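Below: the structure, in structure tokens.
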Amino acid sequence: MLPGISPATAATTSATKKDPFTLGVASGDPLPDGVVLWTRLAPDPLAPLGGMDRRTYSVQWEIAADERFSRVVKRGTAKAEPEYGHSVHVDVRGLQPARDYYYRFRTGGFVSPAARTKTAPAPEQLLPSMTFAVASCQAIWEGWFTAHRDLAARHHDVVLFLGDYIYEFGNDRGVRPGDDDPLRTRQTVTLDEYRQRYAYYKTDPDLQAAHHTAPWIAVLDDHEVVDNWADRYAGSTPPDDFLVRRANAFRAYWENMPLRAPQFPAGPDMQLYRRLRYGRLAEFSMLDTRQYRDDQVNGDGIKAPNAATADPTRSILGFPQERWLLDGLTASRSTWNVLGHQTAITLLDTVSGPGVAVPMDAWDGYSASRDRLLGGIDERGIQNVVSLAGDLHRTVVSDLALDFTDPDSKVVATEFVGTSISSAQDGEDLDAGGRVLLEENPHMKFGNFQRGYISCEITPDLWTSEFRVCDRVTVPDGTVSTRTKLAVESGAAAVQQV
Ligand SMILES: [Fe+2]
């Protein structure tokens with residue numbers, strides 16, 4: 001039986017001796033009538049199986065309309081099973097749309113932290129406004145999660161997390177104490193190693209706060225598995241071997257994120273692309289550009305575009321997902337059509353002066369997919385498409401035009417690539433690489449190379465992206481400020497300064 005649909009009876013009750021809620025709680029994938037509640041029992045988070053034995057535990061959950069839990073609206077019992085890393089996924093239904101709720105778990109006399117979540121609006125509801133955060137890339141040894149602390153304080157309606165929640169490789173030169181622990185310095189390959197890596201990340205109080213104050217909608221990128229993987233391919237690893245590792249990584253990802261049963265992986269396969277609707281105001285098409293893509297061409301890296309990158313038989317989404325995306329955008333009845341995904345769609349020429357070199361791992365390496373998406377948006381007259389991505393560890397804001405080499409080409413969508421939470425350490429406002437990007441890519445309207453996230457507010461008329469940046473992340477007490485605000489008017493794809 002899949003976790004998340006466990007019956008309210010039949011669990012073995014056995015109390016843990018220590019507080020098992022060291023990894024906090026989370027909620028995710030809001031619907032008008034429900035949300036997924038998550039926790040994972042781990043009294044010794046970095047020990048194998050989080051310090052749990054191999055028994056099944058029963059965990060009580062409750063969700064209330066108020067912070068004091070005086071108006072509990074649903075409660076039940078779920079199973080925490082060793083097969084699933086003692087994770088708990090409860091798919092609560094029967095809630096009211098567009099409402100704040102509060103939830104917590106208990107087992108064996110221990111009570112979890114209480115957390116806030118929020119349901120999506122009803123299908124025909126047009127909210128006057130909504131807020132969400134866009135975050136990605138949190139290499140824990142590269143910095144403190146100060147951006148998450150700031151994000152948590154804003155109590156957004158929802159948080160979009162666009163990949164690199166963990167990093168699979170080891171690192172013994174971290175900025176945090178204890179970063180030379182072998183559990184953190186070795187590469188994750190086995191299921192237990194991935195589980196321990198998630199546990200290490202999830203003990204961070206700022207990351208927990210970001211989960212405790214809003215529901216998340218998450219997709220993964222490469223580092224939840226291994227650097228720049230593509231379908232069955234990862235460096236020189238034989239595909240059959242890599243699929244075993246991919247299955248381990250997907251299993252640990254599912255165990256550690258607030259995902260529904262349809263996202264439960266079957267071995268190395270996981271249905272991650274999905275659509276979440278916020279009534280008539282916004283639709284979020286969450287994409288998976290890793291699992292179905294063709295392998296990178298030209299040896300990966302940053303290379304000149306050529307016939308291989310433009311090959312129309314190649315795809316970064318896979319053809320079924322390309323169709324699902326365009327058909328969904330066409331059928332949308334919401335004002336804003338948001339793409340939540342991994343790598344930049346925009347052209348990223350990284351070479352100063354003549355010549356062009358672009359990342360083979362991003363949409364530049366799959367330009368026929370980009371042409372089909374942007375061309376399809378234009379042909380079908382789809383309005384207000386906004387692409388949100390991560391991966392670059394820098395902020396890149398671009399007008400998405402049908403032809404990036406023609407300055408007069410029609411702009412059909414907008415892209416906000418958010419910077420990293422911590423990956424790449426402190427950074428600076430505009431580094432040499434960022435300057436080249438702005439010079440070489442006239443469709444690029446703003447760039448920044450500090451750590452942080454995007455705080456967005458949308459109304460039926462206006463999209464506003466506020467770029468929150470950290471002065472430093474290599475020290476625990478950095479400060480966060482607004483670098484700039486950029487807007488898009490409904491019906492006009494071009495980015496403008498607020
Ligand atoms: Fe990253």
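Every number for a ligand or one of its atoms is a count from 1 in the order of the listing. These numbers were taken from a predicted model, which means no experiment stands behind them.
Of all the heavy atoms in R293 and A230, the pair that sits closest is CD-CB, 3.5 Å.
Looking at D164, its N, O or S atom nearest to the Fe ion (ligand 1) turns out to be OD2.
In summary, of the residues considered (R154, R468, K485), a side chain to side chain donor-acceptor pair (under 3.5 Å) with S455 occurs for R154 alone.
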Salt bridge (Lys or Arg N to Asp or Glu O under 4.0 Å) between D231 and R290: does it pass, once the steps are laid out? CA-CA 6 Å; D231 188 5; R290 286 283 158 205; over 6 Å; no
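At a cut-off of 2.8 Å, Y167 coordinates the Fe ion (ligand 1) through an N, O or S atom. Taking backbone and side chain together, H223 holds no N, O or S atom under 2.8 Å from the Fe ion (ligand 1).
Remark: at the Fe ion (ligand 1), atom NE2 from H393 and atom SG from C137 enclose 90°, rounded to the nearest 10 degrees.
Counted by atom type alone, T289 and Q342 present one or more donor-acceptor pairs between their side chains at under 3.5 Å.
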